[in-house]
Enquirer: 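Pasting in a structure now, in structure tokens, and then I'll have a few things to ask.
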2 protein chains.
Amino acid sequence: MMKRQYPTLAEVAKVAGVSLMTASRAINNRPGVSPEKREDILRIADEMGYVVNRAAQKLSGARTRIIAVVAELHTPFTSDLVLGMGAVARAADYEMLVYSLPVCDRRPPGSILDLLHQIADGVIVILPYESDYLESVVSAHIPVVTIEQGAVSAFPSVTADNYQGAISALQHLIELGHRRIAFISGNDRLTSARDRRRAYRDILAQARLPYDPDLEVAGDFSRKSGFEAANKLLALPDRPTAIFAANDISAYGAIAAIREAGLSVPGDISVVGFDDIPIASQLHPQLTTVRQPLQQMARASVNLLLALVAGLDAPSEQIVLPTQLIVRESTTPLKARKRKDEAVKVGVGR
Amino acid sequence: MMKRQYPTLAEVAKVAGVSLMTASRAINNRPGVSPEKREDILRIADEMGYVVNRAAQKLSGARTRIIAVVAELHTPFTSDLVLGMGAVARAADYEMLVYSLPVCDRRPPGSILDLLHQIADGVIVILPYESDYLESVVSAHIPVVTIEQGAVSAFPSVTADNYQGAISALQHLIELGHRRIAFISGNDRLTSARDRRRAYRDILAQARLPYDPDLEVAGDFSRKSGFEAANKLLALPDRPTAIFAANDISAYGAIAAIREAGLSVPGDISVVGFDDIPIASQLHPQLTTVRQPLQQMARASVNLLLALVAGLDAPSEQIVLPTQLIVRESTTPLKARKRKDEAVKVGVGR
DNA sequence: CAGCGGAACGTTAGCGCTAACGTTCCATCG
DNA sequence: CGATGGAACGTTAGCGCTAACGTTCCGCTG
């Protein structure tokens, strides 16, 4: 086990007939080696199948050109984000390692963060919780960028404008004439969820619509919670004509419930989601939703991190990227108000 | 940047008033330290916020209790698998690091595999391609387990029984009376896709059904390809009464196409998928599909790897796990054959 | 041609850790 | 009571690499 099989730099240097340090310089493309010798060394290293030992490299204080990402990987949103980051990192000639957090586990991820610190030049944390522990664990050894960390965060962060995004979705519904607008919330551990909820309450006040606690149902971003929340809403004596769900997945859960109740989307109830996950444009009905600027978030976070790694100080920068309302099939203007009650009794299909 | 902030073992030892090595033994729970002193050292280490430097640990030849996973993370199937592995690894007091392969990039992932070797005690590769490069890159430094690697693989592997799974799906359709059964293939780079295709051809022969090349349409596991493939099938003069799609995603693509054509599933055409992704039981219609034993695959692969890490030699073991046919709503017995032509003209809705 | 500077290399000293081997000390035994 | 052996500890030598210096040598200047 563990028989060394890769050659070491020293062996390469020996074969090439140069000193260890010259070989190191050649491999790392640093000055101080004549062009011929450099080429020679590189050729020999290649022939011998030499690869640098990153552990040793990092141990002796150098850059490894690796960044680490810590995330819960169970949603399309996060995994797409991670994919995007990988692409950006690779484009910058960095490699990216992912630590997949145990889903919904509040305990600190233990030594793994430390480990990543020891390996990587920087860390991106997609940890949307108000995690008190994060700051204690992640001390200032290497740069850290957070995604969706609340304003509390001591780290530079990149986030989508959840508040404005939710506002635009709700504004859309109001412009369509809806007055009884329900909200299916997300997991309130997440700042993003809280921002969307805040937008809901604010816009009601702003549009001088009454706030009805019955119309604000707790969810957790899951399809199931959307389904159940919608059922609660449908059971109300005066049910809403529009639903804003805190994310696309729960929006589709709500749609399923609405349909099972014999109602149609958007005929009877308009539904808006949040995220614009890929299938939102493919499933029927195509979902009106708020698009998160995934690619830009990936790009911005990686670039910010690399800037920090390079030693440029972007002092605790908070980047907020704009969202975009994507209007598709699941929303429609409110029909003449009177028809609503009729619809309840007749149970209008699609 | 990089100011050392974690204390080193030496510093802990100094504070504890013992030698470096005694501290190491205490921390690593090795014999040779008196119980009191051990407790003392552990307490002090904890107070000082000591964490081992894995890079150094690995460099000096020890275990790191980390396993690495290399995978394309863009499908629910792989990301769920990775999630499962993480849980199993954690249960065994191992940490897991993920390297997300660039999607559909055939080039070798370069130095990252070597890197993982240098950090991890073992690697699991979810690389369903017949990748010639894999074997050259991954040499025998640390144990490697592959998922879905073809039989060609030189490594121990864990895989679902794609062939039997496909057989059971097709058998199901045949038992329902279907005779014109189409196949939407997957990406043939993947051994799993090839196995499913092989099953398709075999079962036709076995059931003495004619093989019609028109009924075997190329796909690539994507929703779009399923959609387009179904359209091709619907355009045939004598269209199939059942479709077996190589995975769930493309099955849903096919269903969308069938519906757009004004036909119903399973009323006009039965559809079977493969994988049993979570939403297969939630979307309408609930999909009849072949369940891959995800949890078992995760468990088996991690356990196999850890066994190898522990030095037990499981000589090039190939574990094949059984699949399970899940019959839901998307398949139904073939109606009286004669009705088929009628249906074409009338365009039976649901 | 002495003097100097800079490119091209080599040497040394660690980074933090562990394996392997020393050393100390004390209980046990013939 | 000296020999013995084993537990408890300490010391040393690296793992593979790089930063920070040395050293060499050559071309150039005045």
Side-chain angles (χ1 to χ4, degrees), chain A residues 1-41 45 48-66 111 114-115 117-119 121 141-142, chain B residues 1-41 45 48-66 111 114-115 117-119 121 141-142:
Chain A
M1 167 139 304
M2 277 302 296
K3 284 177 199 156
R4 182 159 55 65
Q5 200 159 336
Y6 289 122
T8 71
L9 228 205
E11 287 166 14
V12 173
K14 199 167 169 188
V15 172
V18 297
S19 84
L20 189 90
M21 213 43 222
T22 305
S24 171
R25 280 189 271 257
I27 300 262
N28 292 308
N29 206 26
R30 256 180 256 263
V33 193
S34 66
E36 315 86 61
K37 208 152 237 172
R38 179 187 303 272
E39 202 168 323
D40 229 40
I41 294 168
M48 294 177 70
Y50 172 78
V51 289
V52 302
N53 183 323
R54 307 281 191 146
Q57 206 172 34
K58 187 75 185 179
L59 188 58
S60 69
R63 299 275 155 72
T64 54
R65 300 196 79 81
I66 297 171
S111 59
D114 302 311
L115 162 69
H117 281 200
Q118 294 155 3
I119 295 169
D121 290 344
H141 300 192
I142 56 174
Chain B
M1 164 140 310
M2 276 301 297
K3 282 178 199 155
R4 180 159 56 66
Q5 199 159 335
Y6 288 121
T8 70
L9 228 203
E11 286 167 13
V12 173
K14 199 168 169 188
V15 172
V18 297
S19 83
L20 190 90
M21 213 42 222
T22 305
S24 171
R25 280 188 271 257
I27 300 258
N28 294 308
N29 206 26
R30 257 179 255 263
V33 192
S34 66
E36 315 85 61
K37 208 153 239 173
R38 178 186 304 272
E39 202 167 325
D40 228 40
I41 294 168
M48 295 178 68
Y50 174 77
V51 289
V52 301
N53 184 323
R54 309 282 191 143
Q57 205 173 33
K58 187 74 184 178
L59 187 58
S60 68
R63 298 273 157 73
T64 54
R65 299 196 81 80
I66 297 171
S111 58
D114 302 311
L115 163 67
H117 281 200
Q118 294 155 3
I119 296 169
D121 290 344
H141 301 193
I142 56 175

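Letters A, B, ... are given to chains in the order of the sequence lines, protein chains preceding strands, and every chain is numbered from 1.
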Enquirer: Check B/P31 against B/R38 and note the closest heavy-atom contact, atom names and distance.
Expert: CA-NH2, 4.0 Å

Enquirer: For nucleotides 18-21 of chain C, tabulate all protein N/O to nucleotide N/O atom pairs closer than 3.5 Å, reporting atom names and distance.
Expert:
from: C/dT18; atom 1: OP1; to: B/N28; atom 2: ND2; distance (Å): 2.8
from: C/dT18; atom 1: OP1; to: B/Q57; atom 2: NE2; distance (Å): 3.3
from: C/dT18; atom 1: OP2; to: B/S24; atom 2: OG; distance (Å): 2.7
from: C/dT18; atom 1: O4'; to: B/S60; atom 2: OG; distance (Å): 2.9

Enquirer: Output the distance between atom OG (A/S34) and atom CD (A/E36), rounded to the nearest 0.5 Å.
Expert: 4.5 Å

Enquirer: Which whole-number value in Å describes the distance from B/R38 CZ to D/dA7 P?
Expert: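 Rounded to whole Å, this separation is 14 Å.
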
Enquirer: Please round to the nearest 0.5 Å and tell me the distance separating atom OG of B/S24 and atom CD1 of B/I41.
Expert: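 Result: 10.0 Å between the selected atoms.
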
Enquirer: Working to the nearest 0.5 Å, report the span between CG of B/N28 and CD of B/Q57.
Expert: 6.0 Å

Enquirer: Whole-Å distance between C/dG16 C1' and B/I27 CD1?
Expert: 13 Å

Enquirer: Does any non-hydrogen side-chain atom of A/D121 lie less than 4.5 Å from one of A/K58?
Expert: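 A/K58 vs A/D121: side chains touch.
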
Enquirer: Where is the tightest heavy-atom contact between B/A23 and B/V18, given as atom of each residue plus distance?
Expert: N-CG2, 4.2 Å

Enquirer: CG/B/L59 to CZ/B/R54 distance, rounded to the nearest 0.5 angstrom?
Expert: 14.5 Å

Enquirer: In this structure, how many angstroms lie between the C1' atom of C/dC15 and the CZ atom of B/R54, rounded?
Expert: 18 Å

Enquirer: In whole angstrom, what separates A/N53's CG from D/dG16's P?
Expert: 7 Å

Enquirer: Does D/dG16 have OP1 or OP2 sitting under 4.0 Å from an N or O in the side chain of A/T8?
Expert: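 No.
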
Enquirer: Using nucleotides 4-8 of chain C, report all nitrogen or oxygen pairs with the protein that are shorter than 3.5 Å.
Expert:
none

Enquirer: Could you report the tightest heavy-atom contact between B/R30 and B/V33, atom names first, then the distance?
Expert: O-CG2, 4.2 Å

Enquirer: Starting at CE of B/M48 and ending at P of C/dG16, how long is that distance when rounded to a whole Å?
Expert: 12 Å

